[in-house]
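Below, read A as the first sequence line, B as the second, and so on, with proteins coming before strands; counting in each chain starts at 1.
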Amino acid sequence: MQSRYNPAKIEPKWQNVWEKGRIFEVSEDESKPKYYLLEMFPYPSGRIHMGHVRNYTIGDVVARYKKMRGFNVIHPMGWDAFGMPAENAAIKAKSHPATWTYTNIAQMKEQLKQMGFSYDWTRELATCDVSYYRWEQLLFLKMYERGLAYREKAYVNWCATCQTVLANEQVEAGLCWRCSETVEQKEMSQWFLKITDYADELLEYCDRMPGWPERVLIMQRNWIGKSEGALINFPMEDSEEHIQVFTTRQDTVYGATFMSLAVEHPLSLKLCQGKPEEAAVKEFIERTKRIQRSERTSEFFEKEGVFTGAYCRNPMTDERMPIYVANFVLMEYGTGAVMAVPTHDQRDFEFANTYGLPLKVVVNPPGAELDVDGMEEAYEEDGVLTNSGEFSGMGSAEARKAINQYLESTGLGEASIHYRLRDWLISRQRYWGAPIPMIYCDKCGIVPVPEDELPVVLPLDASLTASGGTPLPTLKEFVETTCPECNGGARREVDTMDTFVESSWYFMRYTCPDYQKGPLDRARNDYWMPVDQYIGGIEHAVLHLLYSRFFTKVLRDMGMVGQDEPFTNLLTQGMVCKETLRCPEHGWLAPEDTDEEKPEVYQCRKCGTVAEIGRKEKMSKSKGNVVDPGDLVERYGADTVRLFCLFASPPERDLEWSDRGVEGSARFLNRLWRLVYEERQALQGVTSYDSSHPLEGELRALHRKTHQTIKKVTEDIEQRFHFNTAISAVMELVNAIYQFRSDDNHDPQALPVLRLAVEMALVLISPMIPHIADEMWEVLGHENSVVEEQWPQWDEEAIEEEKQLIVVQVNGKLRNRIYVSPSASNEEIQETALNDERIKTFIGGQPVRKVVVVPGRLVNVVI
RNA sequence: GCGAGAGUGGCGGAAUUGGCAGACGCACUGGACUUAGGAUCCAGCGGGCUAACACCCUUGGGGGUUCGAGUCCCCCCUCUCGCACCA
């Protein structure tokens, strides 16, 4: 053993031992409980970043801990390997996306190995491998058979920068989630997956997943956006036709005084035909259609409308309702037509005031009566119906049910449920993705590729051009094919699938990555699934996590898997942030753009201005505040980096990077190393204390601390993944050991007690810093890896203090501390407290009104 | 606007069930060792007032419940995230 801790030497040594011993390779074993620990797989960008390191370190601690607890732990890793960055990088480097991707995978795999993560690498998969996406193509065909995949012409989100369409989930506030450019609407024929078929189940199970963070469930519920209401038909005044609306406020239908249509609504143009209003309506529609949807749906966008010249009738009151086209009505929600109730909807209220439309109160607040003339805003709450025929006097909730019944019995409408969730658009006009296995035949139309002709292999001889866009349509040998039905000439689909399709089922494929007969081996999948603990970033709260839930349910209905939900417990870790430096003139500054004048004072290298120390921001290249894990590992070793990531904050919170904090972590490892180095000879051949001899004094105290630490670390990991407090508990134990050592102790039990304390410190912290733990474990004479040890159990008896500290308060203020025997009764504790000299002076002879005794904690004397 | 979360020393954070606020670490200060110290060890470290003890104040602000509140309730402020004309 070297006197100095040298991670560069011991870390590769142990990584090698683990790999050779294949200790993280697992197979199904019915004799053990299984535990599936999964972290979100990375996109192979080339180098791992701190976000990966944090995510995977958290996962690794749990995986190692669970293994020590006797679980059969599956802990796989792979690559989310299709996607645009590969195309852009290939154009830039004049290479091929495949070359770029596989080179990156090799580099990143090496980096992950250097971190010492306990992956079962035999299960590795890359989604760009034909061996993976061939099964995805099969799943697509099965979905097509069941009507869950369909092609439709629709207004879709188009990102001009990325040269592709996007799913609704991939548009954030009107911007592309990847490049942040404005998304346009384009009418195109595209492939969709029918996630809306599962809307209700996806929503319902949000209430049955106690292992998920509430805020993720809330985001999913909001995204699905279920609204219960009614479809109501409003007859046209001068024809047999009607306008159908969806409303959640059918209790206000008697107050509907006009109608609003979306500009895209087919009736909008039709109704004004030949009328004097025609020109104005057309102009309005054209003008509105030109405006970006993101702008149209902005809060600040002015609500405008135009009268069509046509009228319909309120089916309940038979009153005449003018029909308007309005810019705030969305064609894609409900029916694209809204019954306007200005008294009970703020938007309609404002619209009615602008255009001088009539108001009619039909819902009163409980115990009050509204007056149309004095109204300054709409009354949107539930209340008691008035002016509503036979429904007057009913409460809103009751009236909604009654009106639904009435609508159904008269044929005027029906109860209805609408969702905000739209079907998942999966076509992408990109090259580096899984081809959609479909063929277009002029004679037979859309024809699926027969299963036995799968896979449709993505041609690798394509060359990308700097202008962007997919080269697939130009590849004759790919596009031109024969129709499986008529054998005539036909064309292949040239779009590829959204890469979120790959990530929707990779976690299931990990259970049987070598399976050749289908996407999933049901037996193996049944053993391992569901994922017991999934760990990843919050940014996938809706996207990946919703799609994966959908896929799991579809595969269940196909009989391929046995679970309703893929992820039992979800942990969303916070971001890794760091302080930023900013020059007023040159913007964000990376450390290499600055000179450090004095400590903590930095100057912009371009202009010499003192840089402002900016706020903590998520690490990103553009802000110049990234820290490269590779550099850190080289400098401090993986264990230090792991330790800092875990120690600096609990997993779900943001982690603030601190170079000094990293030094502190390194210092702790050195301290641990020295402890074992200096005691190695004394402890040689010593057997750990086994509780057979009674202990006194400081020996007893150290042994107690040892068991208290076992308990604290176990509970912190088991109950709440709070590794920061678990680590601080081990630090306390190490401090206690140092204290103990500095006193000469000649008790024959001293070395056994010391050895137990040292070993427990190593075992308890081994999931966090596995390399140094194994090295020191070996120094102490063990032959196996710590991860193959059983997790220790604490002894409640050893934990018990011989003297219990009791805090004594007078009128709630801390006045003294006393010690009592743990077996003391409340009366005895009270008596000791009241007889305490200091307490007596605080009471000062005043009558004691009350004494509160909390055993084991405090006494409060009230005077 | 709606929804969720957060606000504790110079900093990261701890206090798990209402019971000693500030564990652990960083930074800082003093000392020891030393040719040297950016290594290591020891000690101190919320603020006020102190020679020291003692005492007083302190968990964004204000009120309340309670013997007792960082923790529970009400009001307000600030920040972060999500949604946002959804009929």
**Student:** So, is the end of the A:R671 side chain (NZ or CZ) under 6.0 Å from the ring centre of A:Y738 and within 45° of the ring's axis?
**Tutor:** yes
**Student:** Could you give the distance separating B:C33 and B:A39 at their C1' atoms, to the nearest angstrom?
**Tutor:** 11 Å
**Student:** A:R549 and A:Q220: side-chain donor and acceptor closer than 3.5 Å?
**Tutor:** yes
**Student:** OP1 or OP2 of B:C55 sitting under 4.0 Å from any side-chain N/O of A:R838?
**Tutor:** yes
**Student:** Classify the nucleic acid contact of A:Y419 as base, sugar-phosphate or nothing, counting any heavy atom under 4.0 Å across all strands shown.
**Tutor:** nothing
**Student:** B:C24, B:C55, B:C86: which one has an atom nearest the side-chain heavy atoms of A:F842?
**Tutor:** B:C55
**Student:** Scan A:V862 against the nucleic acid and name what it touches under 4.0 Å (heavy atoms): base, sugar-phosphate only, or nothing.
**Tutor:** sugar-phosphate
**Student:** Any idea which of B:U40, B:C24, B:C85 is nearest the A:F328 side chain?
**Tutor:** B:C85
**Student:** Between A:R4 and A:W673, is NZ or CZ placed under 6.0 angstrom from the six-membered ring centre and within 45° of the ring axis?
**Tutor:** no
**Student:** In whole Å, measure the gap between the C1' atoms of B:C11 and B:G61 for me.
**Tutor:** 24 Å
**Student:** Any side-chain N or O of A:K850 below 4.0 angstrom from OP1/OP2 of B:C67?
**Tutor:** yes
**Student:** Using a heavy-atom cut-off of 4.0 Å across all strands, would you classify A:R815 as base, sugar-phosphate, or nothing?
**Tutor:** sugar-phosphate
**Student:** Roughly how far apart, to the nearest Å, are B:A23 and B:C76 at atom C1'?
**Tutor:** 33 Å
**Student:** Whole angstrom is fine here: how far is it from CG in A:N811 over to P in B:A69?
**Tutor:** 11 Å
**Student:** At under 4.0 Å between heavy atoms, what does A:S227 touch on the DNA or RNA strands: base, sugar-phosphate, or nothing?
**Tutor:** sugar-phosphate
**Student:** Would A:R680 pass as a cation-pi partner of A:Y677, given that its NZ or CZ must be under 6.0 Å from the six-membered ring centre and within 45 degrees of the axis?
**Tutor:** yes
**Student:** Which whole number of Å gives the distance between the C1' atom of B:A84 and that of B:A4?
**Tutor:** 15 Å
**Student:** Are side-chain heavy atoms of A:L203 and A:R221 found at a separation under 4.5 Å?
**Tutor:** yes
**Student:** Give a yes/no on whether any side-chain N or O of A:K813 is located under 4.0 angstrom from OP1 or OP2 of B:A69.
**Tutor:** no
**Student:** Where does B:G70 fall, syn or anti, if syn means a chi angle no more than 90° from 0?
**Tutor:** anti
**Student:** Mind checking who B:A51 pairs with, Watson-Crick or G-U wobble, both distances under 3.5 Å?
**Tutor:** none
**Student:** With both distances kept under 3.5 Å, what pairs with B:G30, Watson-Crick or G-U wobble?
**Tutor:** B:C42
**Student:** Looking at every strand, decide which applies to A:G225 at a 4.0 Å heavy-atom threshold: base, sugar-phosphate, or nothing.
**Tutor:** nothing
**Student:** Which parts of nucleotides 3-18 of chain B does protein reach within less than 4.0 Å, heavy atoms only, written one letter per nucleotide 5' to 3' as B for base, S for sugar-phosphate only and - for none?
**Tutor:** -S-------BSSSB--
**Student:** Who is the Watson-Crick or G-U wobble partner of B:A4, with both distances under 3.5 Å?
**Tutor:** B:U80
**Student:** Can you tell me if the side-chain N/O atoms of A:R817 get under 4.0 Å from OP1 or OP2 in B:G19?
**Tutor:** no
**Student:** State whether a side-chain donor-acceptor pair under 3.5 Å links A:T252 with A:Y379.
**Tutor:** no
**Student:** Rounded to whole angstrom, note down the P distance from B:U40 over to B:G25.
**Tutor:** 13 Å
**Student:** Which label fits A:Y355 and A:Y324: parallel for a plane angle under 30°, tilted from 30 to 60°, or perpendicular past 60°?
**Tutor:** tilted
**Student:** Need one value for A:I727: base, sugar-phosphate or nothing, where a base atom within 4.0 Å counts as base even if backbone is also close, heavy atoms only.
**Tutor:** nothing
**Student:** How far does the C1' atom of B:G46 sit from the matching atom of B:U80, given to the nearest Å?
**Tutor:** 26 Å
**Student:** Return the pairing partner of B:C24 with a 3.5 Å limit on both distances, Watson-Crick or G-U wobble; otherwise return none.
**Tutor:** B:G12
**Student:** Which part of the nucleic acid does A:Q809 contact within heavy-atom distance under 4.0 Å: base, sugar-phosphate only, or nothing?
**Tutor:** base
**Student:** Do A:R815 and A:T841 get their side chains close enough for a donor-acceptor pair, meaning under 3.5 Å?
**Tutor:** no
